Amino acid sequence: MTSASFLNRPAWALASLLVLAGCASGPAQNISLIPAGQVASQTEKAGLFTQPVKYERTRPGCKGDCPKLVVDSIMFPGHAKLSALVDHALATMTGIGEAPTPPYTTIAEFEDYFWKTAASRDEVILSAKTRYRSQGLTVIELTTGQYFTGAAHGITATQFLNWDNQAEKVLGLANVLRPGQYDAYVAALQAAHTEWLETQPDYKNDPDGYLRLWPFQATDNFALTDMGLVAKYGSYELAPYSSGLPELLVPYAKLQGILRSEYLPAAAAS
């Protein structure tokens with residue numbers, strides 16, 4: 001499996017989540033889902049209850065060098081639909097094999113497939129954590145890391161899952177943007193990228209060369225947080241591997257007229 005084929009996985013994984021969760025149209029009332037003047041430590045008190053799902057396993061019966069699966073995820077007691085979506089998303093972000101869609105839909109099914117196909121020192125890490133929680137929204141950050149036997153380094157993928165607690169649906173970018181504002185969103189994201197570049201030593205050493213290799217590109221992998229909209233990129237998408245998984249922050253003040261009012265902090269939306 002090539003790096004390129006793996007990096008394409010999160011896009012269709014998110015599409016499958018939107019199909020499974022239904023098409024979200026946003027709250028019926030114009031009530032902000034991001035309370036004004038609150039930070040994560042406060043809003044988490046009103047968010048959905050989470051429970052850790054953590055374990056580490058090697059292939060049954062294997063001795064010596066053995067493939068390993070590490071799961072550091074979460075579930076939502078009382079919210080089976082969301083728990084299932086997290087499980088499904090992590091499984092389908094693995095992208096093992098060359099098939100357009102993987103032959104598994106859950107972590108348990110992936111584990112069974114992995115033991116049958118993995119090389120001796122292959123390792124997969126599946127991680128999920130909440131990035132933002134309030135009474136109205138639960139934002140989950142999903143990360144998968146795959147380390148193949150003999151490879152120079154691992155391959156990491158990342159994906160946000162924005163969940164409307166009341167509607168019990170995944171929010172895609174089209175659900176949170178005002179009609180006709182996609183180009184404005186991209187412009188705001190590009191402005192954030194310009195600011196981010198100034199924090200990158202490699203860019204400052206050779207701006208033209210850096211942008212030839214790592215030009216700006218838009219993404220629909222976003223998270224609604226206390227500080228603003230966070231866009232996150234996978235390995236090699238916006239920067240070299242050594243830069244990790246870059247994030248661009250677009251403050252809500254720069255998203256006035258772009259985001260629907262219910263996805264702006266209460267004070268800003270009024």
Side-chain angles (χ1 to χ4, degrees), residues 1-11 13-14 34 39-41 72 93 95 123 125-132 139-148 150-162 172-173 176-178 181-259 263-265 268:
M1 183 186 67
T2 65
S3 297
S5 66
F6 173 81
L7 292 173
N8 287 332
R9 299 290 178 173
L14 178 57
I34 304 184
V39 296
S41 60
D72 185 3
M93 284 171 64
E123 181 175 349
I125 300 174
L126 307 179
S127 173
K129 63 181 181 180
T130 54
R131 184 68 179 259
Y132 173 81
V139 180
I140 305 158
E141 184 174 350
L142 309 169
T143 307
T144 61
Q146 296 186 98
Y147 305 87
F148 299 107
H153 53 70
I155 298 176
T156 305
T158 183
Q159 182 175 304
F160 285 124
L161 178 61
N162 296 269
L173 189 61
V176 304
L177 294 180
R178 290 179 179 272
Q181 291 301 307
Y182 178 76
D183 289 345
Y185 159 76
V186 172
L189 193 59
Q190 188 160 17
H193 175 254
T194 299
E195 294 183 8
W196 175 82
L197 285 172
E198 294 302 322
T199 69
Q200 304 302 302
D202 290 345
Y203 168 78
K204 290 194 283 188
N205 289 337
D206 182 11
D208 292 338
Y210 190 95
L211 288 177
R212 279 196 300 271
L213 290 172
W214 315 109
F216 167 78
Q217 57 179 303
T219 180
D220 61 359
N221 186 31
F222 74 97
L224 298 169
T225 73
D226 290 297
M227 301 301 295
L229 183 147
V230 173
K232 191 159 188 171
Y233 293 80
S235 300
Y236 301 110
E237 289 185 320
L238 204 64
Y241 181 82
S242 58
S243 295
L245 306 175
E247 291 187 357
L248 303 180
L249 172 65
V250 185
Y252 288 118
K254 297 183 179 181
L255 292 168
Q256 296 289 324
I258 299 175
L259 287 184
Y263 304 114
L264 291 167

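As the structure is a computational prediction, the values presented were derived from the model and not from experiment. Starting from 1, each residue takes its place in the sequence as its number. We use all heavy atoms of the structure for the numbers below, so side chains are in, but hydrogens, waters and symmetry mates are not.
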Closest non-hydrogen atom pair between [X] and [Y], with its separation:
X      : Y      : result
Ala188 : Lys254 : CB-O, 4.2 Å
Gly228 : Thr225 : O-OG1, 2.7 Å
Ala128 : Leu142 : CB-CD2, 3.6 Å
Trp196 : Pro246 : CZ2-CB, 3.7 Å
Phe160 : Val139 : CD2-CG1, 4.5 Å
Val186 : Ala218 : CG2-CB, 4.0 Å

Determine whether [X] and [Y] make a side-chain contact, defined as any pair of heavy atoms from C-beta on separated by less than 4.5 Å.
X      : Y      : result
Tyr210 : Pro240 : yes
Lys232 : Leu245 : yes
Leu259 : Tyr252 : yes
Tyr203 : Leu211 : yes
Val176 : Leu224 : yes
Tyr147 : Ile125 : yes
Pro251 : Met227 : no
Leu189 : Phe222 : no

Return the [atom1] to [atom2] distance between [X] and [Y], rounded to the nearest 0.5 Å.
X      : Y      : atom1 : atom2 : result
Thr199 : Lys204 : OG1   : NZ    : 7.5 Å
Asp220 : Leu173 : CG    : CG    : 6.5 Å
Glu141 : Leu161 : CD    : CG    : 11.5 Å
Gln190 : Asp183 : CD    : CG    : 11.5 Å
Arg178 : Leu255 : CZ    : CG    : 11.0 Å
Tyr233 : Thr158 : OH    : OG1   : 12.5 Å

Fill in: Results of salt bridge (Lys or Arg N to Asp or Glu O under 4.0 Å) for Glu123 - residues two or more places apart only
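With sequence neighbours excluded, Glu123 shows a salt bridge (Lys or Arg N to Asp or Glu O under 4.0 Å) to no residue whatsoever.
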
Note to self: Applying side-chain contact (heavy atoms from CB on, under 4.5 Å) to Thr143 and Thr156, what does each step give before you reach the verdict?
What the structure shows: CA-CA 7 Å; Thr143 307; Thr156 305; 3.7 Å; yes

Check: Would Arg131 and Glu247 pass as an ion pair if we require N to O under 4.0 Å?
Finding: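 Yes, this pair counts.
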
query = Between Leu264 and Gln256, is a side-chain contact (heavy atoms from CB on, under 4.5 Å) present by the stated rule, with each step listed?
reply = CA-CA 8 Å; Leu264 291 167; Gln256 296 289 324; 4.1 Å; yes

Exercise. Step by step, work out the side-chain contact (heavy atoms from CB on, under 4.5 Å) result for Leu229 and Tyr185.
Key: CA-CA 10 Å; Leu229 183 147; Tyr185 159 76; 4.0 Å; yes

Would you please name every residue forming a side chain to side chain contact (heavy atoms under 4.5 Å, CB included) with Ala187, sequence neighbours left out?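 Ala187: no side chain to side chain contact (heavy atoms under 4.5 Å, CB included) contacts found.
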
Worksheet item: In terms of the angle between their ring planes, are His193 and Phe216 parallel, tilted or perpendicular, with boundaries placed at 30° and 60°?
Response: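 Correct class here is tilted.
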
Q: Look at the side chain of Glu237 and the backbone N and O of Gly234, then say whether any donor-acceptor pair between them is shorter than 3.5 Å.
A: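 Yes: the side chain of Glu237 pairs with the backbone of Gly234.
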
